[in-house]
Amino acid sequence: MCKEQITSESFLSEQQFSEILSQVKANKGVLCADQVAHWAVQLYGSQDELMEALLPVAASFSRAPISQFNVGAIAVGDANEEGYCDFYFGANLEFPSQALSLVVHAEQAAINNAWLNGARKITKLAITDAPCGYCRQFMNELADAETLIISLNGEHHAFSEFLPMPFGPKELDNPTALMSHQRANLTLDDASFKVSQLVQHAEHSYVPYTDNFASSMIVCHDGSKFYGRYAENAAYSPSLSPLQSAISQLILAGKDFNQATIKAVYLAQMKGQENQTGVAKAVLDSYDFSVPLHLVALKSGV
């Protein structure tokens, strides 16, 4: 096989594509470093070449009923002792009959995936297509935006090439950044409601502009659960709601948001500072079945 073919889905055999896709779904959107090492050696010998070749796998998670434009992205974290990294997949997600601003972009999905899985930083982001201005703004909120490398069509670019005159956290006197891994101390307003992971995700949400620590939990009929967090942005509009964050993770696990799969949705927010209820209801209204939405109040812990 020729390395020049790395951007083509045909570089992977149908069996290889299917096997890698199954591994990513089983890991809820992640190809772990040891799996990356296996496939890099098996197919290419280069981690970067593998990353480019796997972009069609990322794009296969796309749900784009409005644009019919499927975008995939892969975020790369820190290297392990052997020099290999976890690959965090992402794809665009659109909601029919709702405002276009509710969409989740592939770059957002990949960054969100890395963040939810505990990545300390993102060193590189590979994308099937050039990032739009919305995504460039979202990426600029990252703690390591200044050193982030964008991989496009097999070529590597400094993120600053895509956003030469940035507006970000510093302009709003915000000393923190997305993926800085600061944690709040929260508790449930109703002590009888016991969902510790929902609270923990809210504690790790990134809300320097509103202080509405918020998270979401999707409960499936098979007992599986998917979580999301609120991620704000200095420009406000590229912010990612907790429910969108959770739905993206559900899709990356190979599930669909439909009546056969979804049992209920939970949304936790700070009492008296709620600002995500309307967005959550709008997203749920885009589906053709009724989803029970449970609102949970949070408060600062002692």
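Keep in mind the model is a prediction, meaning the values are calculated, not measured.
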Student: Once the angle between the rings of Tyr236 and Tyr209 is folded into 0 to 90°, is it parallel (under 30°), tilted (30 to 60°) or perpendicular (over 60°)?
Tutor: tilted
Student: Show your reasoning for whether side-chain contact (heavy atoms from CB on, under 4.5 Å) applies to Gln108 and Asn92.
Tutor: CA-CA 8 Å; Gln108 285 182 302; Asn92 57 324; over 6 Å; no
Student: Just so I know, are the side chains of Asp144 and Thr123 near enough to count as touching, which here means a heavy-atom distance under 4.5 Å?
Tutor: no
Student: Hey, is Asp222 close enough to Lys263 for a salt bridge, meaning N to O under 4.0 Å?
Tutor: no
Student: Looking at Ser245, is its backbone amide N or carbonyl O close enough to the side chain of Ser248 to form a donor-acceptor pair, meaning the two atoms are under 3.5 Å apart?
Tutor: no
Student: Hydrophobic clusters here meaning ILVMFWY residues chained together by side-chain heavy-atom distances under 4.5 Å, can you tell me if Met217 and Val199 are in one?
Tutor: yes
Student: Compute whether any side-chain donor of one residue and acceptor of the other, for Gln276 and Asn212, lie under 3.5 angstrom apart.
Tutor: no
Student: Please verify the inter-ring angle class for Phe289 with Phe257; under 30° counts as parallel, over 60° as perpendicular, anything in between as tilted.
Tutor: tilted
Student: Can Tyr88 be reached from Trp115 by stepping across I, L, V, M, F, W or Y side chains whose heavy atoms are under 4.5 Å apart?
Tutor: no
Student: Testing the 3.5 Å rule here: is there a donor-acceptor pair between the side chains of Gln249 and Tyr227?
Tutor: no
Student: Does Glu141 pair with Arg136 as a salt bridge, N-O distance under 4.0 Å?
Tutor: no
Student: Mark yes or no for whether Arg183, through its side chain, and His181, through its backbone, hold a donor-acceptor pair below 3.5 Å.
Tutor: no
Student: So, do Tyr266 and Lys225 sit near enough that their side-chain heavy atoms are less than 4.5 Å apart?
Tutor: no
Student: Quick check: does any side chain N or O of Thr261 sit under 3.5 Å from a backbone N or O of Asp256, one acting as donor and the other as acceptor?
Tutor: yes
Student: With a 4.5 Å heavy-atom cut-off, do Lys28 and Leu252 have their side chains touching?
Tutor: no
Student: Is there side-chain contact between Ser60 and Leu21, with heavy atoms separated by less than 4.5 Å?
Tutor: yes
Student: Can you name the nearest heavy-atom pair linking Leu198 to Ser216, along with the distance?
Tutor: CD1-C, 3.6 Å
Student: Just by distance, no angles: are the side chains of Gln137 and Asn233 close enough, under 3.5 Å, to form a donor-acceptor pair?
Tutor: yes
Student: Does atom CD of Gln200 have more than 12 heavy-atom neighbours, drawn from other residues, nucleotides or ligands, at distances under 6.0 Å?
Tutor: yes
Student: Indicate yes or no for a side-chain donor-acceptor contact from Ser18 to the backbone of Gln15 under 3.5 Å, with no hydrogens or angles considered.
Tutor: no
Student: Check whether Leu284 and Ile66 end up in the same hydrophobic cluster, where Ile, Leu, Val, Met, Phe, Trp and Tyr are linked by side-chain heavy atoms less than 4.5 Å apart.
Tutor: no
Student: Is the CD atom of Gln68 crowded by more than 12 outside heavy atoms at less than 6.0 Å?
Tutor: yes
Student: Is Ser151 reaching over with its side chain to a backbone N or O of Gly154, donor-acceptor style, under 3.5 angstrom?
Tutor: no
Student: Kindly work out whether a path of hydrophobic side-chain contacts (I/L/V/M/F/W/Y, heavy atoms less than 4.5 Å apart) joins Val30 to Phe87.
Tutor: no
Student: First locate atom CD1 of Ile247, then atom CZ of Phe226, and finally report the distance between them rounded to the nearest 0.5 Å.
Tutor: 12.0 Å
Student: Side chains of Leu267 and His294: closer than 4.5 Å at any heavy-atom pair?
Tutor: no
Student: Side-chain donor-acceptor pair under 3.5 Å between Thr277 and Gln269, yes or no?
Tutor: yes
Student: Do the side chain of Glu171 and the main chain of Gly168 share a donor and acceptor less than 3.5 angstrom apart?
Tutor: yes
Student: Any donor-acceptor pair under 3.5 Å linking the side chain of Gln182 with the backbone of His204?
Tutor: no
Student: If only atom types and distance count, is the side chain of Gln98 paired as donor or acceptor with the main-chain N or O of Ala282 below 3.5 Å?
Tutor: yes
Student: Side-chain heavy atoms under 4.5 angstrom apart, residues restricted to Ile, Leu, Val, Met, Phe, Trp, Tyr: same cluster for Val41 and Val36?
Tutor: yes
Student: Heavy-atom count check: over 12 atoms from other residues, nucleotides or ligands less than 6.0 Å from Gln273 CD?
Tutor: yes
Student: Would the distance check show the side chain of Asp86 and the main-chain N or O of Gly77 forming a donor-acceptor pair, the cut-off being under 3.5 Å?
Tutor: no
Student: Yes or no on side-chain contact (heavy atoms from CB on, under 4.5 Å) for His156 and Ile150, after CA distance, side-chain angles and deciding distance?
Tutor: CA-CA 6 Å; His156 293 172; Ile150 303 297; over 6 Å; no
Student: So which heavy atom on Phe162 is nearest to which on Ala158, and how close?
Tutor: CD1-O, 3.8 Å
Student: For residues Ser101 and Tyr134, report the shortest heavy-atom separation together with the two atoms involved.
Tutor: O-OH, 4.1 Å
Student: Using a 3.5 Å distance criterion without hydrogens, assess whether the side chain of Asp189 forms a donor-acceptor pair with backbone atoms of Leu298.
Tutor: no
